[in-house]
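The chains referred to below are lettered A, B, ... by the order of the sequence lines, with proteins before strands, and numbering in each begins at 1.
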There are 2 protein chains.
Amino acid sequence: MANIQDIARLAGVSTATVSRVLNSKKNVNDTTRKRVLEIMKQLDYVPNANAISLKKGETHLIGIITIAFSPIIVNFVRAFTMIAEKNGFTISLFITNGQPERELIALEMLKRKQLDALVCLIRSNEWNVIESYTHYGPIVTWQRLHSEKLPSVFMDQFQAYWNGLEHLYNKGYRKILSIYPMSVGLNTKERFRAHTKFFKQYGLAETNFPHFEDKISVHEGEEIAEWWMQQQDRPDAIFCANDEVASGITTVLRRSGVSVPGDLGVMGFDNSILAHLLDLTTIHYPIDQQAENAFIILQNQLIKSNCNLHSLEYQLIERSST
Amino acid sequence: MANIQDIARLAGVSTATVSRVLNSKKNVNDTTRKRVLEIMKQLDYVPNANAISLKKGETHLIGIITIAFSPIIVNFVRAFTMIAEKNGFTISLFITNGQPERELIALEMLKRKQLDALVCLIRSNEWNVIESYTHYGPIVTWQRLHSEKLPSVFMDQFQAYWNGLEHLYNKGYRKILSIYPMSVGLNTKERFRAHTKFFKQYGLAETNFPHFEDKISVHEGEEIAEWWMQQQDRPDAIFCANDEVASGITTVLRRSGVSVPGDLGVMGFDNSILAHLLDLTTIHYPIDQQAENAFIILQNQLIKSNCNLHSLEYQLIERSST
DNA sequence: TTGTATGCGTTATCAA
DNA sequence: TTGATAACGCATACAA
């Protein structure tokens, strides 16, 4: 495989000149440039990316860390990949499955300069661990966090959740059950806070239902539907952790002849393709723009630019499940 | 940022020794090793991955090319990422959106040695273009292809499609409409061949329905449902390109009071989460094992090993849509 | 067990 | 407009 020296030798110039041609600098004679390019073509010359990375200290590679692949995550990854590619970056994917050591692989790659930056969608290590790696390169998160070092494209879910509850209330539901996502997440905390405050403010009776947490899959939704059918004292509405759970609940119940929204109101979160398919009321948020913001933040740090971020807003999508 | 020379100087040894410690070679004195490690810790030494890649000519990075993110692709990516990580590789994702130039980014990275290998799930360039890059590193494909240079984990869909048609036939359906995926793909060719041969062999009357091709999304399924409802002379069963299309059709029809499978039999393909949710009859194939095979093939070429592949089999999953 | 020296393929500084 | 040469950070063949 030919390198820059081979080219230089055959073209009768120095490696410096070849390098100039390679990087399309203007200070090189036109005929020289042509000769060099000619030789390059003859030898099927290919620049070695690793040598360039070593020299320049950048790889144009950004890592994305996630715990798993839900539809909403897929959307984020898609949007982020698009804008990253448009700006000359490629992305590398790390699915941690919740194992801290897998996340450390990504963090270490940042440290070792194999990655220019990192997006942490759903973390597996403690925040302070992740934060300590910002020393080696910019990291942006999707989860909520107040940190100088770790910027976030998080959207506070309190108000959105409150609006969802209000919607259910206005539809006449009074025995509302909330299903929460990951217990470690701050989203869960905010939703719980909204739920509690809402119940107090609207004078709703406290329910005796179990506390559902860490429920995020279709399958878990299906189990909750089974649970619901076995109860005497049932919720009349369920505000789900996400659309997957809502989908699981809705399909099992409808299949059993239970009317959604008649017997039970079901509300999702995320506005994924599942909510569209099953016609579920849900909460939409601009994931594409969050992804773009994530990239812009990293880009700003990487090249010390200062582009503006998109502003973000929730939106309640009313469909037939409530 | 400290490098190997700083360590060497402070530890009073040569860079060679430091390198030996770094790579845990045994031929180094225990006390020397300890001293070196101590210094490393003091300076928070981090090996530079790019230097290593340059020196060794490998990055332990494998690219995955896809045109988009369907559930089945997500499954492949997930499975592949898992086994790759287990073997010390990380993966980099390229979503081409069907644009050949985006695919070329990945191929060029292979050429430039930033990628050790490539998995091409759904191509955007002509096969001969992709094939020409096998010169620079191993590439494995998911789509069907007979090539010495481009191994494939493809499963011939003729028999599977035939079985699906037989299932519909046995259920009493006679006016079967086939919806095909990408027109450029060989899967479409094989399915079409199965469909044609099946109709002839079972003496089924040729239908006058339009030819549906390139239909792969939920939304396109929804449109087909609208089309179906407007027809006088209708198919009594639809064999869909994938579960997304089947989902779109089924939900729109059921919402309009059409009975699936009573008025129309619907059959999916892929056995994705959507088929599970909507209880669709579909064709299952072992995507996880295909992913593992893809990795094993690459690994075999990369380190000249010779691991055996999983054997692969289709399976018809009967559910309530037929 | 350790050290010396060289190469991996570029970029960039400086001088010419 | 060009060239010589020193980095970039590490691995390794060879000598000691």
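Backbone-only contact: Asn29(B) has heavy atoms under 4.0 Å from sugar-phosphate atoms and none from a base. Among the atoms of the strands shown, only primed sugar atoms or phosphate atoms (P, OP1, OP2) are found under 4.0 Å from some heavy atom of Val13(A). Val46(A) comes within 4.0 angstrom of the backbone, heavy atoms only, and of no base. Looking at heavy-atom distances under 4.0 Å, Leu54(A) makes contact with a base. Here Ser19(B) lies in heavy-atom contact (under 4.0 Å) with a base. Contact annotation for Asn48(B): backbone-only contact, meaning every heavy-atom pair under 4.0 Å involves sugar-phosphate atoms and none involves a base. Nucleic acid contact class of Asn23(A) (heavy atoms, under 4.0 Å, all strands): sugar-phosphate only. Contacts of Ile52(B) with the nucleic acid, taken as non-hydrogen atoms under 4.0 Å apart, involve only primed sugar atoms and P, OP1 or OP2.
Atom-to-atom distance recorded for His60(A):NE2 and Glu85(A):CD is 14.0 Å, nearest 0.5 angstrom.
Proximity of Thr32(A) to the phosphate of dT2(D): a side-chain N or O atom is located under 4.0 Å from OP1 or OP2. Listed pair Ser14(A) / dT2(D) fails the phosphate criterion, with no side-chain N or O lying under 4.0 Å from OP1 or OP2.
Residue-to-nucleotide contacts include no donor-acceptor pair under 3.5 Å from the side chain of Arg112(A) to the base of dG9(D). In this model, a side-chain donor or acceptor of Lys55(A) finds a partner on the base of dT11(C) within 3.5 Å.
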- [ ] Mind running side-chain hydrogen bond (donor to acceptor under 3.5 Å, both in side chains) on Tyr285(B) and Asp270(B) for me, showing each step along the way?
- [x] CA-CA 7 Å; Tyr285(B) 51 92; Asp270(B) 292 351; 2.9 Å; yes

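Over its full length, the helix from dT1(C)-dA16(D) to dA16(C)-dT1(D) turns its helical axis through 40°, comparing axes from the five pairs at each end and rounding to 10°.
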